[in-house]
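Order of appearance sets the numbers: ligands from 1, and atoms from 1 within every ligand.
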Amino acid sequence: MYKLYYSPGSAAMAAQAMINEIGAHLGSTLAEFILVDDEKNEQKSPEYMKLNPHGRVPTLIYDDGKVMYESAAICQFLTERHPEARLAPAVGHADRGLYLQWMAYLTNTPQEASMHWWHAENYIDGKAEQAKMKAKAEERLAKMWTFLDGVIATKGPYLCGANFYACDYFLVMLIRWTRSMPRPGHTYPRLNGLVKTVMARPAYAKMLKDQGIIQPV
Ligand SMILES: N[C@@H](CCC(=O)N[C@@H](CS)C(=O)NCC(=O)O)C(=O)O
């Protein structure tokens, strides 16, 4: 039904875990996961750029040839196509506003700050300027993790409260991206609890195994 193009540890992590979870729910294999080897720069190959002109992962193929990209949009699309998996609150549900808030916040704030750290060269020229940008990204992400840790402390155990949704997969994916920073997301107590809870979900654990990556806790 789906093809998901991924690189290990990339922005495809959440969508791949969701596809596993939906597939387990339906009792069927739902997708083919296609490796785009970023060590060989395959995301910039002419064949892949025909699918995703930005040369980034993930890309999702659905309905025998329709193509979409942007990880948060793919996650949202999957929740809408498979409401039975309950990976998002239904339209009209009391959690819906918060859920949409977190999906937007995660993709446009911590995800973007992570990009400043991982790919400072895409934003500014010069080694010294890039080092400053990375330091600022670390500082900003530490503030975001403090904030989100507080949200979960007061309203957890998940981002929207009692119910697990796709935004929790997305957050745990972003937390992994900060594993080499001075204050990685998983070192904040409630975020650490969330990472452990999400890693205990078979769909997330299978994604980590299939991608050949580990998630520090
Ligand atoms: N906003 C995009 C960002 C995707 C993105 O930056 N993916 C990274 C991997 S995490 C990538 O493919 N980078 C390769 C490159 O920019 O050359 C999304 O969320 O899908």
Side-chain angles (χ1 to χ4, degrees), residues 2-20 31-62 66-81 87-88 99-125 130 133-134 136-138 140-141 144-145 148 159 165-181 184-186 195 198 204 207-208 210-216:
Y2 299 116
K3 283 184 188 169
L4 182 74
Y5 289 81
Y6 78 99
S7 304
S10 71
M13 290 172 65
Q16 186 162 337
M18 287 173 66
I19 289 171
N20 288 342
E32 186 187 349
F33 299 119
I34 301 166
L35 175 67
V36 180
D37 191 341
D38 50 354
E39 287 178 11
K40 295 187 188 148
N41 215 26
E42 283 179 358
Q43 74 276 16
K44 304 293 187 216
S45 70
E47 301 76 45
Y48 185 72
M49 298 272 288
K50 275 186 207 147
L51 298 174
N52 185 329
H54 305 290
R56 291 175 161 182
V57 284
T59 299
L60 181 77
I61 313 293
Y62 64 99
K66 291 198 172 65
V67 183
M68 73 177 289
Y69 49 84
E70 283 301 324
S71 55
I74 292 171
C75 291
Q76 183 59 25
F77 179 69
L78 291 169
T79 70
E80 289 170 7
R81 283 207 137 188
L87 289 168
Y99 162 78
L100 292 172
Q101 168 194 295
W102 290 128
M103 286 302 283
Y105 172 79
L106 291 173
T107 192
N108 71 26
T109 307
Q111 184 175 7
E112 183 58 11
S114 297
M115 288 295 122
H116 288 186
W117 193 88
W118 284 96
H119 293 294
E121 73 284 359
N122 287 345
Y123 296 87
I124 196 158
D125 293 327
Q130 287 162 11
M133 174 167 255
K134 284 183 74 161
K136 182 50 89 177
E138 285 168 358
R140 290 182 59 222
L141 280 157
M144 292 170 206
W145 297 151
L148 289 169
L159 266 181
Y165 297 122
C167 54
D168 298 296
Y169 271 150
F170 211 88
L171 173 54
V172 171
M173 170 179 83
L174 297 180
I175 286 173
R176 183 178 181 277
W177 295 1
T178 63
R179 64 196 179 281
S180 305
M181 296 184 193
H186 68 268
V195 171
V198 167
Y204 194 85
M207 175 280 297
L208 290 176
D210 290 350
Q211 291 200 359
I213 57 176
I214 55 158
Q215 176 130 10

S.K.: Where do Tyr99 and Leu87 land on the side chain to side chain contact (heavy atoms under 4.5 Å, CB included) test, with the steps shown first?
M.R.: CA-CA 10 Å; Tyr99 162 78; Leu87 289 168; over 6 Å; no
S.K.: Taking only heavy atoms of Pro58, which atoms of ligand 1 are found under 4.0 Å from at least one of them?
M.R.: 20 (O)
S.K.: In terms of relative ring orientation, are Phe77 and Tyr62 parallel, tilted or perpendicular, with 30° and 60° separating the classes?
M.R.: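 Aromatic pair Phe77/Tyr62 classed tilted.
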S.K.: Show me which atoms of ligand 1 lie under 4.0 Å from any heavy atom of Ser10.
M.R.: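 That gives atoms 9 (C), 10 (S) of ligand 1.
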S.K.: Looking only at protein heavy atoms, which one is nearest to atom 10 (S) of ligand 1, and what is the separation?
M.R.: Ala11 N, 3.3 Å
S.K.: Counting only N and O atoms by type, is there a donor-acceptor contact under 3.5 Å from the side chain of Ser71 to the main-chain atoms of Ala12?
M.R.: no
S.K.: Please indicate whether any nitrogen or oxygen in Ser71 is less than 3.5 Å from any nitrogen or oxygen in ligand 1.
M.R.: yes
S.K.: Specify the closest pair of heavy atoms between Leu106 and Phe170, including all atoms of both residues, with the distance to one decimal.
M.R.: CB-CD2, 3.8 Å
S.K.: Can you tell me if Gln215 uses its side chain to pair, donor with acceptor, with the backbone of Val172 under 3.5 Å?
M.R.: yes
S.K.: Has Asp125 got more than 12 heavy atoms of other residues, nucleotides or ligands less than 6.0 Å from its CG?
M.R.: no
S.K.: How far apart are the closest heavy atoms of Ser114 and Trp177, and which atoms are they?
M.R.: CB-CE3, 3.8 Å
S.K.: Between ligand 1 and Glu70, is the shortest N or O to N or O distance under 3.5 Å?
M.R.: yes
S.K.: Short N/O distance, under 3.5 Å, between Val57 and ligand 1?
M.R.: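 Yes; the residue has a nitrogen or oxygen that sits under 3.5 Å from a nitrogen or oxygen of the ligand.
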S.K.: Under 4.0 Å, counting heavy atoms only: does His54 come that close to any atom of ligand 1?
M.R.: no
S.K.: Do His119 and ligand 1 have an N or O pair less than 3.5 Å apart?
M.R.: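 The answer is no, given that His119 and ligand 1 share no N or O pair closer than 3.5 Å.
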S.K.: Looking only at non-hydrogen atoms, which of Met13, Met68, Gln111 approaches atom 3 (C) of ligand 1 most closely?
M.R.: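 Residue with the shortest heavy-atom distance to the ligand atom: Gln111.
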S.K.: Please list, in number order, the atoms of ligand 1 under 4.0 Å from a heavy atom of Lys44.
M.R.: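 So the answer, numbered in order with elements, is 15 (C), 16 (O), 17 (O).
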S.K.: Starting from atom 16 (O) of ligand 1, locate the nearest protein heavy atom and write down its residue, its atom name and how far away it is, to 0.1 Å.
M.R.: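 Protein heavy atom with the smallest distance to atom 16 (O) of ligand 1: Arg56 NE, 3.5 Å.
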S.K.: Considering non-hydrogen atoms of the protein only, which is the closest contact for atom 14 (C) of ligand 1, and what is the distance?
M.R.: Gln43 NE2, 3.6 Å
S.K.: If only side-chain N and O atoms count, and only distance matters, is there a donor-acceptor pair under 3.5 Å linking Tyr48 with Thr59?
M.R.: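 Tyr48 and Thr59 do have a side-chain donor-acceptor pair below 3.5 Å.
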